[in-house]
2 protein chains.
Amino acid sequence: MVNSLSVQITLEKPVTNADRTFYQLRKDIVEGVIPAGSKLSETELSTKYEVSRAVIREGINRLAACHLVERKANIGAKVVSLTPEGLIQLYQVREALEGMAARLAARHMSDEEVASLQGLLDSHFNKVKDAQLYYQEAGDVDFHYRIVTGSKNSHLISVLIDGLYHLVRMYRVQLGMAGPRVTTAFDEHRHIVNAIANRDEELAEMLMRRHILYSKNNIENKLSATPT
Amino acid sequence: MVNSLSVQITLEKPVTNADRTFYQLRKDIVEGVIPAGSKLSETELSTKYEVSRAVIREGINRLAACHLVERKANIGAKVVSLTPEGLIQLYQVREALEGMAARLAARHMSDEEVASLQGLLDSHFNKVKDAQLYYQEAGDVDFHYRIVTGSKNSHLISVLIDGLYHLVRMYRVQLGMAGPRVTTAFDEHRHIVNAIANRDEELAEMLMRRHILYSKNNIENKLSATPT
DNA sequence: TTAGTGGTTATTGTCGACAAAGTGGTGTTA
DNA sequence: TAACACCACTTTGTCGACAATAACCACTAA
């Protein structure tokens, strides 16, 4: 329950060495251990992670497919340098995709899943009163994760879970945005779940889009306030 | 003008051997030269395409990232077996993403781009009267391609152009859907462009979503009519 | 001084071979 | 006969070495 966040991320079990290395690389990049803009030397990484260069190469290729690094032929790969505009664009895509996810979740989630989701919100509500910071990071991700998987649309799920969410996390870490909008976001989550419970596809999509749009506006304000 | 379709697909120039092999593999898979469901043997392909196994491996990995093949560790990769449900899900994602693309295109396309897009529709209009089949295949792709790039959102562009569109083409080839809905689709295109020219984001998104929804419904009817 | 040129070095691209895991068939036993 | 264990074989995973390309630096000439 507490570690449902880690469960969702670690859902993909590494079976081969290349898998493990890829997950480790992704983790280090997303969390900033490997800083943004830095170059990924294959030989250097191969000694550092104690695997062959081929394994590192495969990892870098997979990272490039996720748009976490940019690879140029015969030159090398760099961790993507993030711009505020890029983050805004990312939220535009999220708005479209997660709006559709909410619509499909209202259509396809089972009653049990909806009930479980409501239970999740209840447990979050208790934590919001105590430690607000915890809610934002884990709870928000958890909530969105459930909606997306509830859509039962595999393409939607993979684009968001395997792709965009890692990018968003990376942007947030790099730009230093911890956990804003706690209480109001919670109310928005509640309304979205209510719409899903009522099987109101139209409303669920609209509320989800607004929810993400608010987050985007919030970020825009933060960015313009601190012109680093 | 005539080959603007090929231009857009071939926009990505292969520089390395692995690139060339990947593009060739993708082409062969999308066009059905390598049939759906068939296994991709690394050794076999390496002799067939006259490159090393490592090059083939990289290609397969990139194909897996596009969801054109499914790879299982220590077992191998198979060309994705396509289900009608998968195609429906794909169109749901398209509806969300291209709807947003139309909205952003209405916001960000330059007046020159809009004028050029209108010119494209005019040239299509002439061809529709003569050879209808041509329009559907190239023209429709071309139209959507311009809207997507007009959004100026790099994430949106890459997900659609590099990812979903190849999948859609493959599904269409495999399920044998050539070119339906020619004339009505043309009118829908016209209305979408008008909305963009008027900078009416809301309407542009709505019309694009309807346009794709109609295509989806059309496909659903075709699929239920021919229960192969 | 600066622009251009040549060679040197480091990095990536490609390859073939070995290691490890899975698959299929054969034989044995309950 | 059916189920299980074992063995051989095929295929993928991993590795180190070689080839090709690009970046760097020194050198020359205007």
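Chain letters run A, B, ... following the sequence lines, proteins first and then strands; every chain starts at 1. The shown structure was predicted, so the numbers you read here are calculated from the model rather than taken from an experiment.
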Verdict with supporting geometry, A/Phe22 and A/Arg26, side-chain contact (heavy atoms from CB on, under 4.5 Å): CA-CA 6 Å; A/Phe22 166 64; A/Arg26 187 175 63 183; 4.0 Å; yes
Nucleotide C/dT9, atom P - distance to CD1 of A/Ile75 in whole Å: 21 Å
Nearest-angstrom distance from the residue atom CD of B/Glu42 to C1' of C/dA17: 15 Å
Nucleotide nearest A/Val51 (side chain, heavy atoms from C-beta), chosen from D/dC15, C/dT11, D/dT12: D/dC15
Separation of C/dT14 C1' from B/Glu50 CD (nearest whole Å): 15 Å
Under 4.0 angstrom between B/Thr16 side-chain N/O and C/dT12 OP1 or OP2: no
Gap between atoms CG and C1', on B/Leu40 and D/dT12 respectively (whole Å): 13 Å
B/Tyr49 OH to C/dC15 P, straight-line distance once rounded to whole Å: 15 Å
5' priority, DNA chain D, between A/Glu58 and A/Ala73 [closest heavy atom]: A/Glu58
A/Asn61 side chain to A/Arg71 side chain, donor-acceptor N/O pair below 3.5 angstrom: yes
Distance, rounded to the nearest Å, where A/Lys72 contributes NZ and D/dA22 contributes C1': 13 Å
Atom-pair distance (CG on B/Asn61; P on D/dT12), nearest Å: 12 Å
Closest listed nucleotide, where the reference is the side chain of A/Asn74 and the choices are D/dT21, D/dT12, C/dG16: D/dT21
Closest nucleotide among C/dG13, C/dC15, D/dT12 to the B/Thr43 side chain: D/dT12
Parallel, tilted or perpendicular: rings of A/His144 and A/His211 (30°, 60°): parallel
Touch class at under 4.0 angstrom, heavy-atom based, for A/Ile56 against every strand present: nothing
Closest to the B/Ser52 side chain, choosing from D/dT14, C/dT14, C/dT12: C/dT14
Main-chain N/O of A/Gln89 paired to B/Asn153 side chain as donor or acceptor, under 3.5 Å: yes
Rounded distance (Å) that lies between atom P of C/dC18 and atom CZ of B/Arg53: 14 Å
Residue-phosphate contact under 4.0 Å: B/Arg71 side-chain N/O, D/dG13 OP1/OP2: yes
Touch class at under 4.0 angstrom, heavy-atom based, for A/Ile60 against every strand present: nothing
Ring-face cation of A/Arg94 near A/Tyr91 (centre distance under 6.0 Å, axis angle within 45°): yes
